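First comes the structure, then the notes that go with it.
Since the model is a prediction, treat every value here as computed from it, not as a measurement. The basis for the numbers below is simple: all heavy atoms, side chains too, and nothing from hydrogens, waters or symmetry mates. Chain letters run A, B, ... following the sequence lines, proteins first, then strands; residues in each count from 1.
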There are 2 protein chains.
Amino acid sequence: MTRALAGNLLQVPVPELADRFDEWQKFGFDAARCPVRNVLDHIGDKWTALILISLAKEGRRFSAVQRLIPDISKKMLTQTLRDLERDGLITRHVFPTKPPSVEYRLSPLGRSVLDPLAQLVFWAESRHGEIEDARRRFDASSPA
Amino acid sequence: MTRALAGNLLQVPVPELADRFDEWQKFGFDAARCPVRNVLDHIGDKWTALILISLAKEGRRFSAVQRLIPDISKKMLTQTLRDLERDGLITRHVFPTKPPSVEYRLSPLGRSVLDPLAQLVFWAESRHGEIEDARRRFDASSPA
DNA sequence: CCGAATCCTTTTCGATACTG
DNA sequence: CAGTATCGAAAAGGATTCGG
């Protein structure tokens, strides 16, 4: 994208990320305060991103999310939803029907992560083939 | 969705992500082919993002990366670097000095992930405070 | 229907010691 | 310097059972 150069692809974008990394270094790189660890570790776990995406279009009930992500266990669904609620990314709404129904919705904060998350997902989709090719090449030229 | 209401912030962006999710559903949501799982699980692990960022500015040697990320063990550094090489995100260059030195560099593919990754990192940085506040509120109103 | 509690397996990770 | 090998601890995850 942007100015298409011949041969020497990119290199220009994302100067900021490296610079920010340098900043972190200066302050001793405190793991507890590093947002990469504190936040990315969370949204990067096995189910979080999928759950967020499944709530992108509309609020959904517990069982509805479970249907959308068939191979998640109830335990992990409960746990991940609670973590997301704790972080303020989703809200939980209990309706006093019987049996009770519970709906989860993205909060404004949760909705705000969809955009950067989408960037990464679309990157993953578009590069998935390249990555699989690279894996095959690597495995082919590596010993048993 | 859409109809931009006052007070009700955003909602409009990222229609594509939810739609893409719907697409996946139609094909049975094959976990093995889902790029969210195949790729995000990788870059979302404990060290991958940090290593990619540490290589953003320039190629670095094994020990240099280890200095930049002080609390990574040699084992995990080796392992994560190898996984990244396998996925084609970084390249490995051995210089026949003695003792040998090895430099790791981002490949074009690896550089291409920095931009979406930066979006997420900057989101994390800017929202870190909100998330911590939400955590405190949640913990305060939850039982022992 | 939603979820808590328990048990158990798998995976991840770190510490340590060793090699070219 | 840049790894490899092995071990054990810890965390994550799944299956099952129970309860409001």
Side-chain angles (χ1 to χ4, degrees), chain A residues 29 31-32 34 36-38 40-51 54-55 59-87 90-105 138 142-144, chain B residues 31-32 34 36-38 40-51 54-55 59-87 90-105 138 141-144:
Chain A
F29 201 38
C34 174
V36 178
R37 304 186 181 206
N38 244 295
L40 248 66
D41 279 7
H42 251 262
I43 85 116
D45 76 2
K46 194 171 183 181
W47 304 109
T48 298
L50 281 171
I51 290 178
S54 76
L55 297 177
R60 292 189 196 276
R61 296 178 53 182
F62 186 91
S63 49
V65 177
Q66 196 169 24
R67 268 193 305 278
L68 291 171
I69 309 172
D71 56 346
I72 192 174
S73 66
K74 270 201 298 191
K75 177 187 171 181
M76 289 314 296
L77 182 53
T78 300
Q79 189 179 114
T80 309
L81 285 170
R82 292 239 315 164
D83 288 345
L84 285 169
E85 189 194 356
R86 186 171 109 96
D87 285 358
I90 66 177
T91 55
R92 183 174 179 272
H93 306 268
V94 182
F95 298 101
T97 59
K98 33 188 179 187
S101 62
V102 180
E103 185 173 309
Y104 295 91
R105 300 177 194 151
F138 186 91
S142 99
Chain B
C34 174
V36 178
R37 305 186 180 207
N38 245 296
L40 248 65
D41 278 8
H42 250 262
I43 84 117
D45 77 2
K46 194 170 183 181
W47 304 110
T48 299
L50 280 171
I51 291 179
S54 76
L55 298 177
R60 292 188 195 278
R61 295 177 54 181
F62 186 90
S63 49
V65 177
Q66 196 170 23
R67 267 193 306 278
L68 291 172
I69 308 174
D71 56 346
I72 191 173
S73 66
K74 268 200 300 192
K75 177 186 170 182
M76 289 313 298
L77 180 54
T78 301
Q79 191 178 112
T80 308
L81 285 169
R82 293 239 317 163
D83 288 345
L84 284 169
E85 190 194 357
R86 185 171 108 99
D87 285 358
I90 67 178
T91 54
R92 183 174 179 272
H93 306 268
V94 183
F95 299 100
T97 58
K98 34 188 177 184
S101 61
V102 180
E103 184 173 310
Y104 294 91
R105 299 176 193 152
F138 185 90
S141 61
S142 100

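- One interatomic measurement links the two molecules: CD of B/Gln66 to C1' of D/dA2, which rounds to 10 Å at whole-angstrom precision.
- In terms of phosphate contacts, B/Arg92 brings a side-chain nitrogen or oxygen within less than 4.0 Å of OP1 or OP2 of D/dG3.
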For nucleotides 15-20 of chain D, read 5' to 3', which letter fits each nucleotide if B means a protein heavy atom sits under 4.0 Å from the base, S means only the sugar-phosphate is that close, and - means neither?
B-----
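- Look at B/Tyr104 and you'll find a side-chain N or O under 4.0 angstrom from OP1 or OP2 of D/dG3.
- Between C/dG3, C/dG14, D/dG14, one nucleotide has an atom nearer to the side chain of A/Met76 than all others, and that is D/dG14.
- Interatomic distance, OG1 of A/Thr80 versus CD1 of A/Ile43, reported as 12.5 Å (0.5 Å rounding).
- The distance from the CG atom of B/Leu84 to the CD1 atom of B/Ile90 is 4.5 Å, given to the nearest 0.5 Å.
- For the OP1/OP2 pair of C/dC2 and a distance below 4.0 Å, the side-chain nitrogens and oxygens of A/Lys98 include no atom meeting the criterion.
- A heavy-atom distance below 4.5 Å is not found between the side chains of A/Glu103 and A/Arg60.
- Rounded to an integer number of Å, the gap from CG of A/Asp71 to C1' of D/dG14 is 11 Å.
- If you check D/dG13, D/dC1, C/dG14 against the side chain of B/Trp47, the one that comes closest is C/dG14.
- Look at CD on A/Gln79: it is 18 Å from P on C/dC2, rounded to the nearest Å.
- In the set C/dA4, D/dG13, C/dC13, D/dG13 carries the atom at the smallest distance from any side-chain atom of A/Lys46.
- For B/Arg37 and D/dG13, the CZ to P distance is 12 Å, given to the nearest whole Å.
- Not one side-chain nitrogen or oxygen of A/Arg61 sits closer than 4.0 Å to the OP1 or OP2 atom of C/dC1.
- The distance from atom CD of A/Gln79 to atom OG of A/Ser73, rounded to the nearest 0.5 Å, is 8.5 Å.
- Protein atom CZ of A/Phe95 is 11 Å distant from nucleotide atom P of C/dC2, rounded to whole Å.
- Look at CZ on B/Arg60: it is 17 Å from C1' on D/dA2, rounded to the nearest Å.
- In this structure, B/Ser101 does not reach the D/dA2 phosphate: none of its side-chain N or O atoms is under 4.0 Å from OP1 or OP2.
- Put simply, the side chain of B/Thr78 gets close to the backbone of B/Lys74: a donor and an acceptor are under 3.5 Å apart.
- Put simply, the side chain of A/Asp71 reaches to within 4.5 Å of the side chain of B/Arg37, judged on heavy atoms.
- In this structure, CZ of B/Phe62 is placed 18 Å from P of C/dT19, rounded to the nearest angstrom.
- Side-chain atoms of B/Ser54 do not come within 3.5 Å of backbone N or O of B/Val65 as any donor-acceptor pair.
- Residue B/Leu77 contributes atom CG, which lies 13 Å from atom P of C/dC13 at whole-angstrom precision.
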